[in-house]
Amino acid sequence: MRTEKSRASFKMAQLVIPGGVNSPVRAFRSVGGDPLFIKKAKAAMLEDVDGNSFIDYVLSWGPMILGHAHPSVLKAIIKAAKNGTSYGAPCQDETELARLIIQAVPSIDQVRLVNSGTEAVMSAIRLARAYTKRDSILKFEGCYHGHADHLLVKAGSGIATLGIPDTPGIPKAFARQTLTVPYNDITATKKLILKHAKNLAAIIVEPVGGNMGVVPPGDEFLPWLRMITIKYGILLIFDEVITGFRVHYGGAQARYKIMPDLTCLGKIIGGGLPIGAYGGRKDIMQMISPAGPVYQAGTLSGNPVAVAAGLETLRQLKKPGIYKELEKKSKMIAEGLGEAARQANIPYYQTRVGSMLGGFFTEGSVTDFASAKKSDTARYAKFFHGMLQKGLYLAPSQFEAMLLSTAHSTSHIKQTISAARKIFKMI
Ligand SMILES: *Cc1c(COP(=O)(O)O)cnc(C)c1O
């Protein structure tokens, strides 16, 4: 595979952008080598600046559930842009997107649009603190909730990938307000809650762990979290930035039938443009300015172009059969990869919820960050590069999800499984 142009582009980028990338995991640090620079993307395919094509299983880390450059989403974007790209005044489509989100996500009565998942989570935490008049929050090790100060403690995604223990630049006083426990660990969570109940504003959780690889919740975990948070007057926040409109049209909460107090969204609801949202019970959301005293604002929030892309994406996803089809294809690829690993005698622990797939190079089961970290990441790096050579673009990190879109065909999947058969035997 020729990569001269990507390598030259990366050299130039490093002169003017720290590490050459605008978000750390893009840099291939954990798998080695240089990142590919992408020229364009269409449906399930990416094309780099050297002209290589890849079947894309990263999907911009989540948003592109309909595949890249989906015709009707593109049409909506162009139509919106022609009417101006930002007003700084309300427009009717914002209400329409809010309505669609509220219709879809069971626990959301009212929703506020922001510009990223990070912003959504940051604002939801501020709101939870204001509502409960408490300061501390509890999160789970290996869960990633964006890069806001109080949430970068024992976080997943790039923090896990790069092995950063705790990020410099965060005041100790902030970090102290964030308690962490292992994902799926009810005993440890209970202990911590009993000790800190009076000062706990919220428990925030990825209802399906998607930033330490894919780690599904145990059967008891989410129902128990709902029960214990109600008991102690703690708000339960579902960070559905990745799971929202992915594992079910109504998110993980619709799939598992659990009602959190607040929900954070992002990624898919912007159809590939920058967006985020947080919503929940009306009595809590009414505390947001200007309805209430909790300040949160944004120059580009509810941006008409992002809103148009999100609206059209949700309209497409609402069509019957979409999630059934995604489930079927995801099952097919998971089974194929598992079978290929078994045939090559490679320990490979698989996880999957809908179109979010995980595969860890370890004998034991993966239920939390500690067990996820037992995966042989050097072997993952070899797997990643082997697959890349064969035209398959997986996440350049063990601790990220493999994602499918509606644009992935049975033939893409067969091609992927057949490549994996060969690569598993070589690593
Ligand atoms: C991606 C992600 C975020 C952060 O969203 P950004 O738009 O990158 O700020 C937060 N939480 C979860 C669960 C995510 O997957």
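Not measured: the values here are computed from a predicted model. For this chain, numbers begin at 1 and follow the sequence in order. Read the numbers this way: they start at 1 and go in the same order the structure lists the ligands and their atoms.
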**OP:** Considering only NZ, NE, NH1 and NH2 on the basic side and carboxylate oxygens on the acidic side, decide whether Arg255 and Glu327 come within less than 4.0 Å.
**Re:** yes

**OP:** Hey, can you tell me if Phe384 and Phe28 have their rings parallel, tilted or perpendicular (30° and 60° cut-offs)?
**Re:** perpendicular

Original post:
Any salt bridge between Glu96 and Arg99, counting N to O under 4.0 Å?
Top reply: yes

Subject >> Distance filter under 4.0 Å to Glu206 heavy atoms, resulting ligand 1 atoms >> reply: 13 (C)

**OP:** Number the atoms of ligand 1 from 1 as they appear, then name those within less than 4.0 Å of a heavy atom of Ile242, with their elements.
**Re:** 15 (O)

Subject >> Thr229/Arg226 under side chain to side chain donor-acceptor pair (under 3.5 Å): CA gap, chis, key distance, verdict >> reply: CA-CA 5 Å; Thr229 44; Arg226 181 62 288 188; 3.2 Å; yes

Original post:
How are the rings of Phe221 and Phe140 set relative to one another: parallel (under 30°), tilted (30 to 60°) or perpendicular (over 60°)?
Top reply: perpendicular

Subject >> Plane angle bin for Phe383 and Phe361 - parallel if under 30°, tilted between 30 and 60°, otherwise perpendicular >> reply: perpendicular

Subject >> Under-4.0 Å protein heavy-atom contact, atom 5 (O) of ligand 1 >> reply: yes

Subject >> Protein contact to atom 14 (C) of ligand 1 [nearest heavy atom, distance to 0.1 Å] >> reply: Lys267 NZ, 3.0 Å

Subject >> Location of contacts on His145 toward ligand 1, heavy atoms closer than 4.0 Å >> reply: backbone

Original post:
Any idea which protein heavy atom is nearest atom 3 (C) of ligand 1, and the distance to it?
Top reply: Val241 CG1, 3.7 Å

Subject >> NZ or CZ of Lys382 within 45° of Tyr380 ring axis and under 6.0 Å >> reply: no

Original post:
For atom 11 (N) of ligand 1, what is the nearest protein heavy atom, given as residue, atom name and distance?
Top reply: Asp239 OD2, 2.6 Å

Original post:
Based purely on interatomic distance, does Asn211 place a nitrogen or oxygen under 3.5 Å from a nitrogen or oxygen of ligand 1?
Top reply: yes

Original post:
For ligand 1, which atoms, with element, lie under 4.0 Å from some heavy atom of Ser116?
Top reply: 7 (O), 9 (O)

Subject >> Which residue and heavy atom of the protein sit nearest atom 9 (O) of ligand 1, plus the separation >> reply: Thr118 OG1, 2.6 Å

Original post:
What's the shortest distance from atom 7 (O) of ligand 1 to any protein heavy atom, and which residue and atom give it?
Top reply: Gly117 N, 2.8 Å

Original post:
Is any side-chain heavy atom of Glu94 closer than 4.5 Å to a side-chain heavy atom of Pro90?
Top reply: yes

Original post:
Nearest heavy atom to atom 12 (C) of ligand 1: which of Trp61, Phe238, Tyr144 does it belong to?
Top reply: Tyr144

